[in-house]
Every structure is written in structure tokens, then in C-alpha cells.
Number of protein chains: 2
Amino acid sequence: MNGLRKGYVQVYTGNGKGKTTAAIGLSIRSAGAGLNVLFVQFVKGLEYSEHKALKRFDNITVKQFGRKNFIHSKPTKDDIEKAKEGYDFVINAFEENRYDVVVLDEANIAVFFKLFSSDDLIKLIKLKPYNVELIITGRYATDDVINAADLVTEMREIKHYYTEGVVARIGIEK
Amino acid sequence: MNGLRKGYVQVYTGNGKGKTTAAIGLSIRSAGAGLNVLFVQFVKGLEYSEHKALKRFDNITVKQFGRKNFIHSKPTKDDIEKAKEGYDFVINAFEENRYDVVVLDEANIAVFFKLFSSDDLIKLIKLKPYNVELIITGRYATDDVINAADLVTEMREIKHYYTEGVVARIGIEK
């Protein structure tokens, strides 16, 4: 839809809040401008409030390739299979080139948990069609991913009430 | 709507991308969970793509108190009047307590341009009803605002294609 405009690779990483929410905000902004958005979420599998909201937009497609509860230690075979399924889905989406904006939410975490490798993620970046804006989120972005990106923002936690024992709240954190 | 849950004060600051987009993402998430959201934007006055998208939600109210073009040097009398109008609007919204989540987008920039003072912003934080989650964005958050917040994230620019001379693109940056 955006013709021959060059799409960039944006990375949101760091230990602070706002990485996934920034990707959601960008998706909404793009959808508001009439662009087609694919929002792929790795690792996380919950039906968060934001997905309910994202699903209201005809031009945002949400796909989750995670599980109900977060990985705390070693990923299972099922975790790896789900991530591979998501990875193949993205390759296919790039081949079909039906989207203007593609979000790979928590892809850096998928690499961190070795669900796929940093080289695999770099391969996705290279396979991205010229016009696609690609958004990659998650802590622990590798140096290679940072080098391959056009824009990198580190969300740094300066202060967080979690440390005071607050539980994640519906509509705010999830 | 969220009863007696304590609302926190979140600040998104720093020179990196993703502050306003994170606030938009949070608004969408909250709206998806059925919360009432007030999204107040200072300084900026443009009809950005995200506002079109935010306006699709019955439970998100968007109010802008800025001007069409950004302040580059000294703010005008009109800039100051618009900001005061927005400030009073927020005080009134707090008194009526009809919102669960209140975003003060670019409020830190309003302080930076002396449209109102850091003390004025602290006053808003203190006036916030117990249950309201308050989100403040913009570069140059003052130390007082950071001290008054429960959660502070600094968006740090590590890499940015703007430095390569790319113009803001509809649906991506605006």
C-alpha cells in the first residue's frame, strides 16, 4: 500500500516498560493511516487486553505463537515448535508481501531462550520486502540484530513499582 | 471502573523513539480491558494517524491542546493559552473522576517550553484521584517529576535513521 517507500528496521529493547506497548501504538498509528499491519507475538501466548483492542481493526492481523504461561527456566519442545511455526509464518508473509508493517513482538526473547537463533532473526531481517517496516521488540537484543537495525531504542528502567510488590493489572500491564 | 485499585504515575522520557507510541499502546490496552481513557496531548496539535485510530474507541477521549506546527524557538502567547486550557481541562477531569487512565502526552515538553511549570505538573500529580493511572510523556522530565513518579522509563536513542535525513512518514512517525 505504501508503494516504493523504503521500510526500516526498528528495534525496541532494554529492561524498561514500554517495548510491546510502543509496538502496539505504532500498529494503531499505521492502521489509522490505512496501512496493513501484521502483529506477530512470540513467547507470550495469553489473550491480553491489547489483542482484544487490536482485533477491532480490519487492517491489523494478530498472530500469537507462544503459550499461556511465560517461560521461566528451560523452554519445552512445544515452545520451540510454536516459535518455529511463527517463524515460518513470517517468512511466508514476507513472500506474499501483503503487509506494510510487520511487528515481531518478543522476537529478541525468543532468541534469548534459543527458540530460534540470532542468525535466524537476521535472516528474517534480510528477507523482509523492501517496503515493509519491521518492528522487533524484546529484552536482550543481540549485537548482530542491533547492527542490522536502522533505529534502536533502549527502554531503560529508572524506577519501577514492581519492586514494591505490585501484581500485573488487567488493562495496565496486561 | 477499577474500584479502589491504586493508580500509579508512569513517566516515559528520554531522547529515543516510542514515548507517545507507548502511551497510545497503553491507552489501547486499557480500552480493550473496558477502562475509560483520557488522552490529552500538549504542544502537538496535528491530526496524527494515531488519533484517527484512538477515536474509534468509545472509551478513549482524545483532547489536543497544541498547534499545527511544532514550537521551534520561543512559544507564543497562544501556545501558553492553549496549554493552560489543557491544564484546566485535566484538573476538571480529575475533579469529575470519570477516567481510569489519564495520559498527559508531551507534558514534559510543555514544562520545558515553560507553558506551565514543573511545580504545576507536580500539582496535577498530587490532584490525581487515587484510582487513576497517570501517564506522563515527553523528553526532559524534571527531577521533581521523576521523584513524584512510581515508574520511570527512559527511552534512549541508540541508533536513528533521522540522522540519515529521513523525513517523518505518515503511519510510521505521524
Side-chain angles (χ1 to χ4, degrees), chain A residues 1-2 5-14 16-35 37 48-57 100-101 133 146-147 149-162 164 166 169-174, chain B residues 1-2 5-14 16-35 37 48-57 100-101 133 146-147 149-162 164 166 169-174:
Chain A
M1 273 187 84
N2 50 14
R5 175 183 73 69
K6 179 173 173 7
Y8 290 89
V9 179
Q10 305 189 19
V11 171
Y12 295 90
T13 191
K17 208 165 141 64
K19 299 180 292 289
T20 294
T21 37
I24 292 166
L26 183 61
S27 300
I28 296 291
R29 176 184 285 159
S30 300
L35 302 178
V37 180
Y48 291 103
S49 312
E50 64 254 31
H51 294 144
K52 286 189 202 165
L54 289 171
K55 281 175 184 168
R56 287 205 202 177
F57 293 84
D100 305 295
V101 175
E133 188 85 10
I146 287 170
N147 287 336
D150 300 293
L151 176 147
V152 180
T153 304
E154 182 197 356
M155 271 68 164
R156 278 185 64 212
E157 179 182 311
I158 293 181
K159 231 175 159 179
H160 203 311
Y161 49 61
Y162 275 7
E164 297 163 27
V166 177
R169 297 157 299 162
I170 290 170
I172 307 294
E173 281 88 20
K174 65 180 186 181
Chain B
M1 277 186 81
N2 49 16
R5 174 183 74 66
K6 180 172 172 10
Y8 290 88
V9 179
Q10 304 189 21
V11 171
Y12 295 91
T13 190
K17 206 165 142 64
K19 299 181 291 290
T20 295
T21 37
I24 292 165
L26 184 59
S27 300
I28 296 291
R29 176 185 285 160
S30 299
L35 302 178
V37 180
Y48 292 104
S49 312
E50 63 255 32
H51 296 144
K52 285 189 201 165
L54 288 172
K55 281 174 183 168
R56 287 203 202 180
F57 292 84
D100 306 294
V101 175
E133 188 84 10
I146 287 170
N147 287 336
D150 300 294
L151 177 147
V152 181
T153 304
E154 182 197 355
M155 272 68 164
R156 278 185 65 212
E157 179 181 312
I158 292 182
K159 231 175 159 177
H160 203 313
Y161 48 61
Y162 275 7
E164 296 163 29
V166 176
R169 297 157 298 163
I170 290 170
I172 308 294
E173 279 88 19
K174 66 179 185 182

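Convention: sequence-line order gives letters A, B, ...; per-chain numbering from 1.
- Between B:Leu151 and A:Lys17 the shortest heavy-atom distance is CD1-CD, 3.1 Å.
- Partners of A:Arg156 under the side chain to side chain donor-acceptor pair (under 3.5 Å) rule, at least two apart in sequence or in another chain, are B:Glu154.
- Minimum interatomic distance between B:Ala31 and A:Arg56 (heavy atoms only, all atoms of both residues): O-NH2, 4.4 Å.
- The two residues A:Ala53 and B:Gly32 come nearest to each other via the heavy atoms CB-CA, 4.0 Å.
- Across all non-hydrogen atoms, the minimal contact from B:Ala149 to A:Lys159 is O-NZ, 2.7 Å.
- If you tally non-hydrogen atom pairs under 4.5 Å between each of A:Ile24, A:Leu54, A:Thr20, A:Thr21 and chain B, the highest count goes to A:Thr21.
- Note that the OG atom of A:Ser27 and the CD1 atom of B:Ile28 stand 10.0 Å from one another [nearest 0.5 Å].
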